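A quick note: this is a predicted structure, and the numbers were derived from the prediction, not measured. For the numbers below, each heavy atom of this structure counts, side chains included, while hydrogens, waters and symmetry mates do not. Order of appearance sets the numbers: ligands from 1, and atoms from 1 within every ligand.
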Amino acid sequence: MIIIESCVGCTKCVPYCPSSAISLGKDRKAHIDRHKCIECTVCFNNAGCPVNAFQLEELEFPRSVREVFATVYKAHKDTNVPGRGTEEMKTNDVTGRFRPGMVGFSCDMGRPGVGLELRDAEKLCMALAKHGVEFEPLNPLTSLMSDKKTGKLRDDVLGERVHSCIPEFTINEERFPEVLEALKKVSKEINTVFSLGLCVKINEDGSVPIMKYLDDNKIPYYPGGKTNIGIGVPLAKF
Ligand code: SF4
Ligand code: SF4
C-alpha cells in the first residue's frame, strides 16, 4: 500500500509495476488499483521511492494467494512450495514423476503485464479433468482445488488475480491427442495467454513418444529441455 500523505507524486514507481496497477490520480499522488495489483512487492522492494511511501501489508486469505504466487520467499501453506509452482519436469531424473507411457504437461498461464484471474485457471483445469488427467499434488493450484476430480477451485479464490500459475498434470500417452484438443478448445474461452511444456521418457530405440503425433498434425514444437543432471539419487524407479 502507499501512504498517500507521504507520496510526492514523482512517478518513479509507476513503470516498475508489472501489472500497470500504479497511476497518478487527480490529486497528483500515486494510487494502486487493487484489482490489477498482484501483490508482487516490486514497488516496495525495487521502485526506490524517495520518501518510502510504500508499506507492506499483512494479507489475509484469499488475497494472500496473490502474494505467494508472485514471490519466492513465501511458501503455500498446504504444499510448502514457494512461488507459482514446483520444479515441474526439470528434475525428473530425480523425482521420476513422469514415467514411460505417460505424458507430463505444464501449462504456463499468464505473463508479466498480462496475469490472470484464478477463474481462468479453473476453466482450464475443469476442461482437462473431464479427460482423466491427474493433477500434480504438490502444485499450489492443486491445493486450491475443492474437488481434484473435477478441477474445481475454491469459490473464494476465483476472483484473485495472480502474476502466473502453472497447472501441472499427467495423462496416459494414448489420451494425449484428446487432451491436446481439449486444451485448444478451452484456450478460446480463457482471458490470458499460456504456453505448453510436455515431458516424456525417450524410448529405448531413441525415438520420442508423441513426436510423431505432433509432426503428423503439423503442431510446431521445440524439442529439448532443461535438466539438472546428477543432482541426486532417483526417488522412484523409472
Ligand atoms: S515513487 Fe513514491 S513518491 Fe514517487 S509517486 Fe511513487 S509512491 Fe509517490
Ligand atoms: S505489489 Fe506489484 S502489482 Fe501491486 S502495485 Fe506493487 S508492483 Fe504493482
Side-chain angles (χ1 to χ4, degrees), residues 1-88 106-125 139-145 153-168 187 189-195 197:
M1 64 182 274
I2 296 172
I3 309 296
I4 291 298
E5 300 72 38
S6 303
C7 174
V8 293
C10 70
T11 73
K12 195 175 171 194
C13 56
V14 174
Y16 280 84
C17 177
S19 280
S20 305
I22 308 176
S23 59
L24 236 55
K26 286 192 182 131
D27 57 358
R28 304 297 301 162
K29 306 270 188 179
H31 295 270
I32 295 174
D33 179 328
R34 279 190 51 92
H35 176 67
K36 285 187 181 174
C37 174
I38 51 166
E39 303 291 359
C40 66
T41 73
V42 166
C43 50
F44 175 82
N45 286 314
N46 305 93
C49 173
V51 291
N52 294 324
F54 287 96
Q55 263 193 2
L56 286 187
E57 285 174 84
E58 196 57 49
L59 301 172
E60 298 203 347
F61 190 87
R63 186 149 185 112
S64 57
V65 164
R66 300 184 186 219
E67 188 179 14
V68 283
F69 270 91
T71 62
V72 291
Y73 53 80
K74 287 210 171 176
H76 299 262
K77 72 177 170 45
D78 294 330
T79 61
N80 213 23
V81 171
R84 62 196 187 135
T86 69
E87 317 109 335
E88 307 148 51
S106 61
C107 295
D108 213 316
M109 301 184 79
R111 273 285 170 262
V114 182
L116 73 151
E117 281 190 11
L118 286 177
R119 70 180 79 253
D120 276 320
E122 181 192 67
K123 261 186 217 163
L124 185 133
C125 292
N139 186 287
L141 201 64
T142 310
S143 74
L144 293 176
M145 287 178 184
L153 299 191
R154 296 171 52 139
D155 285 333
D156 53 1
V157 301
L158 294 181
E160 295 306 325
R161 187 161 192 80
V162 296
H163 168 267
S164 176
C165 67
I166 313 177
E168 286 176 84
S187 69
E189 298 162 26
I190 287 177
N191 192 23
T192 189
V193 294
F194 72 84
S195 59

*Asks:* List the closest protein heavy-atom neighbour of atom 6 (Fe) of ligand 2: residue, atom name, distance to the nearest 0.1 Å.
*Replies:* C43 SG, 2.3 Å
*Asks:* Would you confirm whether K12, through its side chain, and G48, through its main-chain N or O, come within 3.5 Å as a donor-acceptor pair?
*Replies:* yes
*Asks:* Can you tell me the protein heavy atom closest to atom 8 (Fe) of ligand 1 and the distance?
*Replies:* C7 SG, 2.4 Å
*Asks:* Check each atom of ligand 1 against the heavy atoms of T11 and keep those under 4.0 Å away; list them by number with element.
*Replies:* 4 (Fe), 5 (S)
*Asks:* Give me the nearest non-hydrogen protein atom to atom 2 (Fe) of ligand 1 as residue plus atom name, then the distance to 0.1 Å.
*Replies:* C49 SG, 2.3 Å
*Asks:* Need the ligand 2 atom indices (1-based, order shown) with element for anything under 4.0 Å from a heavy-atom of C37.
*Replies:* 1 (S), 3 (S), 4 (Fe), 5 (S)
*Asks:* Between T192 (side chain only) and G115 (backbone N and O only), is there a donor and an acceptor less than 3.5 Å apart?
*Replies:* yes
*Asks:* Just jot down the ligand 2 atoms closer than 4.0 angstrom to any heavy atom of I22, in number order.
*Replies:* 5 (S)
*Asks:* Provide, to 0.1 Å, the distance between atom 4 (Fe) of ligand 1 and the closest protein heavy atom, together with that atom's residue and name.
*Replies:* C10 SG, 2.3 Å
*Asks:* In terms of atom number and element, which parts of ligand 1 are under 4.0 angstrom from non-hydrogen atoms of V51?
*Replies:* 3 (S)
*Asks:* Under a 4.0 angstrom heavy-atom cut-off, which atoms of ligand 1 come close to V8?
*Replies:* 3 (S), 8 (Fe)
*Asks:* Which residue owns the protein heavy atom closest to atom 3 (S) of ligand 2, what's the atom, and how far is it?
*Replies:* I38 N, 3.4 Å
*Asks:* Name the closest protein heavy atom to atom 7 (S) of ligand 1, giving the residue it belongs to and the distance to 0.1 Å.
*Replies:* F54 CE1, 3.7 Å
*Asks:* Output the distance between atom CD1 (I2) and atom CD (Q55), rounded to the nearest 0.5 Å.
*Replies:* 11.0 Å
*Asks:* Only heavy atoms of C13, strictly under 4.0 Å: list the atoms of ligand 1 that pass.
*Replies:* 1 (S), 5 (S), 6 (Fe), 7 (S)
*Asks:* Just so I know, are the side chains of N46 and Y16 near enough to count as touching, which here means a heavy-atom distance under 4.5 Å?
*Replies:* yes
*Asks:* Of the side chain and backbone of E39, name the one, both, or neither that has a heavy atom under 4.0 Å from an atom of ligand 2.
*Replies:* backbone
*Asks:* At a threshold of 2.8 Å, where the distance has to be below it, does atom 8 (Fe) of ligand 2 have an N, O or S atom of C40 nearby?
*Replies:* no
*Asks:* With side chains defined as the heavy atoms from C-beta onward, is the minimum distance between I166 and F194 less than 4.5 Å?
*Replies:* no
*Asks:* Quick one: SG on C37 to CD1 on I22, what's the gap to the nearest 0.5 Å?
*Replies:* 8.0 Å
*Asks:* One thing to verify: whether R154 and D156 come together as a salt bridge, which I'm taking to mean a side-chain N less than 4.0 angstrom from a carboxylate O.
*Replies:* yes
*Asks:* I need the K26 NZ to R28 CZ distance, nearest 0.5 Å.
*Replies:* 12.5 Å
*Asks:* What atoms of ligand 2 come within less than 4.0 Å of a heavy atom belonging to P18?
*Replies:* 7 (S)
*Asks:* Do H35 and E117 have a side chain donor and acceptor closer than 3.5 Å?
*Replies:* yes
*Asks:* Give the C-alpha distance, both sets of side-chain angles, the deciding distance and a yes or no for salt bridge (charged side-chain N to carboxylate O under 4.0 Å, His left out) between R66 and E160.
*Replies:* CA-CA 7 Å; R66 300 184 186 219; E160 295 306 325; 2.6 Å; yes
